[in-house]
Structures are given as C-alpha cells and as structure tokens.
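Notes to accompany the following structure.
Note that this is a predicted model, so its numbers are computed, not measured. Atom set for the values below is all heavy atoms of this structure, side chains included, hydrogens, waters and symmetry mates excluded. In what follows, residues are counted from 1 in the order of the sequence shown.
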Amino acid sequence: MNDNLHQLRCFGCGSRIAGADAQPDFRCALCGDLFEVDYPGWIQKKGPDRPNPGALKWLWRERRCSSEALDQSGVWRFRELLPILDSFGDAVTLREGNTPLYHLPRAAKALGVDQLFAKHQGMNPTGSFKDTGMTAAMSVARERKFEWVACASTGNTSAAMAAYAARAGLKCLVLIPDGKIAWGKLSQAMDYGALTCQVKTDFDGCMRVLNEIVKREPIYLLNSVNPYRLEGQKTPAFEIAESFDWNVPDHLIVPGGNLGNSSALGKGFRELKELGLVARIPRISVIQAEGANPLVRSLALNRGASIEPVEAHTCATAIRIGNPASWRKAARVIQESSGWCIDVTEAEIAIAKAELGAEGLGCEPASAVTLAGFKKLRAKALIHSSETIVLVLTGHTLKDADYTIDFHRGTLLKDVEKVGVEKEIEALRRNAIATDATPEAVLSAMKGAKA
C-alpha cells in the first residue's frame with residue numbers, strides 16, 4: 001500500500017494510523033469512531049506529492065478516449081486522487097462510473113427552475129452507486145491477499161460486492177435482513193456466486209453479527225465503514241465538476257441511508273477545492289424517509305452531537321436503516337456546506353419516483369427521495385429559481401420492480417398514506433389495461449389513455 005501517500009485518520013479523535021493497521025471492523029482503537037483516508041502530502045502547496053490541477057484536468061479528459069480498462073473506469077480514470085494501491089495493476093474494475101448527468105425539463109418547469117439535473121448512479125455495472133466504492137475497496141482487499149470479503153446489506157451493497165468479488169476471484173459472504181430486501185437485488189448476489197445468509201433481524205442486526213465475524217476470522221469487511229469504499233464513492237463529485245467545466249453546481253441533493261454516500265461526495269468536493277481544481281463546494285443536502293430518519297432527528301434535537309437509532313420503516317428498502325454508521329461524517333458535510341437534512345413521506349417518495357419515470361428516467365424508490373426533498377425545499381423558498389441543482393439517483397429502477405408495479409396497480413400505499421394526494425397519485429398511475437384481441441379494443445384503450 002502507498003502508506004507514504006495516504007494514512008487513515010480517525011474522524012473522532014484525529015489519531016492517524018497506516019492503512020494496514022486498521023482493526024477488522026475499521027473502528028478507532030482509541031475512541032471507537034470511523035476512519036477516513038487522508039493524504040498528508042497534499043497539504044504542502046509545492047510539495048512533490050501534490051497533484052497539478054491543470055495537468056490533471058487535461059489528463060482525465062484524454063483518458064476518456066483511451067481503450068485501457070482503467071482509463072475507461074470513472075473511478076480509476078481519476079487515480080491520481082486515489083493513491084491507495086501499491087500497484088494500479090491490482091485494481092478490480094468493471095468499468096464503473098462515467099454515469100450520465102441528465103437534465104430534467106419537466107420537473108424543472110413544474111418547480112420553476114431552469115437548471116435541474118440528475119446524476120444517475122444507477123447506470124453503473126450492477127445498477128447502483130455502490131460500484132464506485134466497491135471497485136476501490138475490493139482492489140485493496142485483493143492487494144492485501146484476503147481470500148474472503150463480506151458485507152451486511154439491504155441489497156445494493158451485496159450485489160456490488162458479489163460482482164467485484166467474482167471479478168477478483170475472491171469468496172464473499174452476504175448477510176441480509178430476512179424478508180426485508182428487494183428480490184432484484186438479492187438475485188444479483190446469488191447470480192454472482194455469493195454465500196448469502198438471510199438473518200432473522202434487520203440491517204443493523206446484520207451489521208452487529210458481521211462485526212463479530214470479522215474479528216474472529218480473516219475476512220475483509222466491505223460495508224461503508226471501510227474508508228476505502230468512500231474513496232471510490234467520492235469520484236462522482238469529480239465527474240459532476242468535470243461536467244460543469246469545473247464549475248460546481250449550487251446544490252447537491254443526496255439520499256440518506258447509511259450516510260456513506262453523502263460523506264464521500266462531500267469529501268470529494270472538499271479535496272477538489274483544497275487542490276485548486278474548483279473554487280467552491282456546493283451546498284449538500286441529505287433526504288431521508290420519514291420512517292427511517294435518525295439524522296433528521298439528530299440535527300433537529302442536538303445539531304448532530306449524538307444520534308438515537310430508530311426502528312426503520314419505509315418501502316424504500318435501500319435507505320431502511322435506523323442506525324447509520326457514517327452519521328457523524330454526513331452531519332459535518334451538511335453543516336460545512338450549509339445544507340439541509342429533511343425527511344419525506346412514503347407518498348411523496350412514490351409520487352417523485354413516478355415523476356422521474358415520466359422524464360424517461362427510472363430509479364429505485366430510495367433515489368426518488370432526492371426529488372421529493374427538492375420539492376419540499378423549493379416550497380419553503382430555500383432553493384432559488386436561479387440555482388443549479390443536481391439530484392443524485394443512487395439505483396436503477398429494476399432494482400425494485402415490485403415497488404413500481406404496486407404503485408401503478410394502486411396497491412403500494414395504505415389509505416392513510418394517500419390522504420391529501422389521491423388526485424396527484426391517480427394522475428401518475430399507468431396500470432396495464434386488459435383488452436380483447438382486436439384492433440378496436442386497443443384503439444379504444446388508446447383514446448381513454450391519460451395524457
């Protein structure tokens with residue numbers, strides 16, 4: 001490992017260790033907090049390890065035309081800002097990243113803004129943003145000669161880990177909460193060859209079990225407590241800045257589950273600014289589901305000084321997490337960037353997901369909290385019409401197809417959840433219509449179709 005270029009710094013007490021010295025659960029031995037990857041050589045403005053901003057921008061653009069696998073990865077294309085391997089030949093890649101940034105004209109018009117975009121991380125190889133982090137952490141696992149990797153998951157992490165483990169030739173263990181996972185995600189982990197255990201508990205219970213397992217056996221933990229995961233997950237910040245010609249958007253809105261993604265994106269933008277690649281950091285806001293909102297409560301009660309776990313309940317399975325590991329990091333990102341953290345209801349999530357679908361962009365329900373949250377912030381006049389906003393969509397629509405089908409059939413939400421928005425929901429529903437096998441019957445259905 002390039003320990004001369006990077007260290008692990010405890011987010012709580014600030015102590016520093018070499019990467020290989022981390023405990024199996026990636027908790028600080030002194031205070032129990034999480035680590036983040038730090039590059040001491042970048043602080044010295046004329047130091048030999050500090051990258052040159054102008055040269056990097058040119059190099060990263062040129063790599064877009066390269067046929068080399070590492071250059072075609074939207075993570076390793078930026079490898080100068082990821083000096084975490086002794087040899088980049090050890091990198092495990094499925095050509096992740098380089099995901100599209102879509103303009104949302106219909107939603108923008110409806111909400112009175114011009115510059116509304118969606119960064120669709122669901123367009124990664126396994127269909128979620130987890131691939132960007134998994135390529136980095138799995139590469140570290142392979143270089144350190146681990147035979148087994150493991151994660152607890154609500155679905156997306158297990159799919160990504162299983163795919164990258166298969167690519168690396170490693171064995172992998174997945175712990176999932178019994179009956180609380182979208183089948184599309186579970187099928188991926190199975191298909192990629194993972195040993196999958198459905199544990200009779202929730203996600204947080206799965207993490208407790210796994211933390212004990214990795215302390216007993218030489219198994220590399222690949223949840224977002226692993227700081228190398230967040231190194232890969234910071235790279236969409238680089239892609240977003242590059243898409244705007246290194247002028248960052250005014251506002252980035254991110255779903256909030258285990259809170260590693262918002263932490264990573266904030267770190268990415270902060271490093272870009274420190275290295276002189278961008279002039280400022282965007283405002284970063286985190287949106288949680290109303291039934292899984294521990295960070296919202298924490299910031300409201302004590303400004304993020306502590307967090308009280310909740311029993312998580314939401315149909316947006318990817319963010320059904322009541323005790324998020326990276327809450328302290330996410331709280332800092334929100335506060336440093338002057339962002340907000342709010343929650344949205346099940347009905348607001350479902351409506352926003354259907355509205356994104358009407359733009360031709362499918363996403364899993366956890367992604368749709370960003371549009372739902374943006375609508376709330378806009379209604380409170382916290383976002384102005386002249387601002388440029390990027391919504392982060394974290395997963396593909398096929399990750400949870402049952403959710404979409406249930407919405408359009410009218411069976412997703414309880415009556416109490418639909419109160420006050422019945423007409424809005426009905427206008428968005430597009431259930432399949434049973435017809436006779438005649439042209440006249442189909443034409444009749446067309447005439448009665450919603451606009």
Side-chain angles (χ1 to χ4, degrees), residues 1-31 33-53 55-56 59-60 70 73-93 96-97 132-146 149 164 168 220-238 260-261 263-277 325-326 328-329 332-333:
M1 300 296 295
N2 272 323
D3 289 328
N4 60 318
L5 295 180
H6 89 271
Q7 298 174 340
L8 298 185
R9 183 179 65 83
C10 175
F11 194 82
C13 67
S15 62
R16 296 172 183 270
I17 63 172
D21 292 340
Q23 297 189 109
D25 62 353
F26 292 101
R27 294 283 178 175
C28 176
L30 299 178
C31 72
D33 213 327
L34 298 178
F35 288 97
E36 65 179 4
V37 179
D38 185 54
Y39 305 99
W42 291 0
I43 298 173
Q44 304 171 17
K45 290 195 174 181
K46 293 186 178 179
D49 294 331
R50 185 178 172 89
N52 179 284
L56 288 179
L59 177 62
W60 295 337
L70 278 191
S73 164
V75 173
W76 299 109
R77 181 163 67 90
F78 300 105
R79 52 190 174 271
E80 288 73 20
L81 300 194
L82 290 164
I84 58 176
L85 300 175
D86 283 338
S87 170
F88 288 118
D90 290 320
V92 183
T93 179
E96 54 291 316
T132 58
M134 203 56 69
T135 181
M138 189 67 71
S139 298
V140 172
R142 181 163 76 170
E143 188 165 80
R144 292 184 181 176
K145 309 301 182 186
F146 279 88
V149 293
Y164 282 83
Y220 196 64
L221 182 62
L222 282 174
N223 279 96
S224 59
V225 296
N226 184 319
Y228 298 110
R229 273 273 309 276
L230 302 194
E231 284 306 283
Q233 285 174 215
K234 75 185 182 184
T235 56
F238 306 162
N261 203 29
S263 308
L265 292 168
K267 185 177 189 289
F269 280 113
R270 187 167 61 249
E271 289 177 352
L272 290 180
K273 184 175 183 294
E274 290 171 351
L275 291 170
L277 286 147
S326 298
R328 201 184 300 275
K329 292 181 180 181
R332 186 184 76 170
V333 165

With R332 via side-chain hydrogen bond (donor to acceptor under 3.5 Å, both in side chains) - residues at least two apart
none

Are the side chain of R229 and the backbone N or O of A137 linked by a donor-acceptor pair below 3.5 Å?
no

Closest contact, heavy atoms only, V37 versus L8
CG2-CD2, 3.8 Å

For the side chain of K329 and the backbone of G266, is there at least one donor-acceptor N/O pair under 3.5 Å apart?
no

Applying the side chain to side chain donor-acceptor pair (under 3.5 Å) criterion to D38, which one of Q7, R9, R16 satisfies it?
R16

Would you kindly say whether S73 and E96 are connected by a side-chain donor-acceptor distance under 3.5 Å?
yes

Got a second to check how far L265's CG is from F238's CZ, nearest 0.5 Å?
10.0 Å

Are any of the side-chain nitrogens in K267 or E36 under 4.0 Å away from the carboxylate oxygens of its partner?
no

When you measure from the side chain of K234 to the backbone N and O of E271, does any donor-acceptor pair fall under 3.5 Å?
no

Are any non-hydrogen side-chain atoms of T135 and T93 less than 4.5 angstrom apart?
yes

Check whether R328 reaches the backbone of G12 with its side chain - one donor and one acceptor, N or O, closer than 3.5 Å.
no

Quickly, which of Y164, W76, F88 forms a side chain to side chain contact (heavy atoms under 4.5 Å, CB included) with S139? Name it, please.
W76

Partners passing ring pair (Phe, Tyr, Trp, His ring centres under 6.0 Å) against Y220 (at least two apart in sequence or in another chain):
F26, F146

Shortest non-hydrogen separation from G276 to P53 and the atoms involved:
O-CB, 3.9 Å

